[in-house]
2 protein chains.
Amino acid sequence: MFVIITYDITDDRRLNKVRKVLKRYLYWSQLSCFEGIITEGKLAQCMAEIDKIIDKKEDSIYVYQVKNPKNIKKKVLGIEKSYIDNFL
Amino acid sequence: MFVIITYDITDDRRLNKVRKVLKRYLYWSQLSCFEGIITEGKLAQCMAEIDKIIDKKEDSIYVYQVKNPKNIKKKVLGIEKSYIDNFL
């Protein structure tokens, strides 16, 4: 399935940890956005890892799931970014 | 259709302008993320407004479109945020 993960994380240490996890599973497409094709099993694994890092009263992670990647269309205005080798 | 709009905008003045436009069309669900149900016509109108604001060599706007909202599922880890009355 195709997923988009967006996040608001108030603490830089937790933020970096979450990004490190997400980087192993998905593509870092914008500063606060990861995306990619992933199996349900891998996504559950990824979420379990993130669950241990975040502060559930402060941080916010949204996971948008589209079973069939054909059902989602992405348009880009401006530049297409990538953070593959940046920051971490 | 259901859309998710994420953005990286390097300049605060442009960022605020873009948010002001997006607020009129969609729901501000995370710091760098808007979402909601919108018609193709309204989305085109919204994009035309944003197109005039952004610097196409620096800024980045992603528009993820799912025609049938039933095809997208959202899960929240941590808290569900909202910026309806904040910042602007």
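Chain letters run A, B, ... following the sequence lines, proteins first, then strands; residues in each count from 1.
- Only the backbone of A:Lys67 comes within contact range of chain B, with heavy atoms under 4.5 Å apart.
- The contact between A:Asp59 and chain B is made entirely by backbone atoms, counting heavy-atom distances below 4.5 Å.
- Interface remark: A:Ile5 contributes no atoms to any contact with chain B (heavy atom separation under 4.5 Å).
- Taken to the nearest 0.5 Å, the CD1 atom of B:Ile79 stands 12.5 Å off from the NZ atom of A:Lys56.
- Contact of B:Lys73 with chain A is made through backbone and side chain together, with heavy-atom distances under 4.5 Å.
- A distance of 10.5 Å separates CG of A:Leu31 from CG of B:Leu31, quoted to the nearest 0.5 Å.
- Using a 4.5 Å cut-off between heavy atoms, B:Glu35 touches chain A through its side chain atoms alone.
- The part of B:Ile54 that comes within reach of chain A is its side chain, from C-beta onward, which places non-hydrogen atoms under 4.5 angstrom from that chain.
- Between A:Leu77 and B:Ile50, the closest heavy-atom pair is CD2-CG2, 3.7 Å.
- Among A:Val76, A:Asp8, A:Val66, the residue making the largest number of heavy-atom pairs under 4.5 Å with chain B is A:Asp8.
- Both the backbone and the side chain of B:Met47 come within contact range of chain A, each with at least one heavy atom under 4.5 Å from a heavy atom of that chain.
- Side chain to side chain, A:Gln30 and B:Ser32 fail the donor-acceptor criterion of an N or O pair below 3.5 Å.
- Panel note: side chain A:Tyr62, backbone B:Ser29; a donor-acceptor pair is recorded below 3.5 Å.
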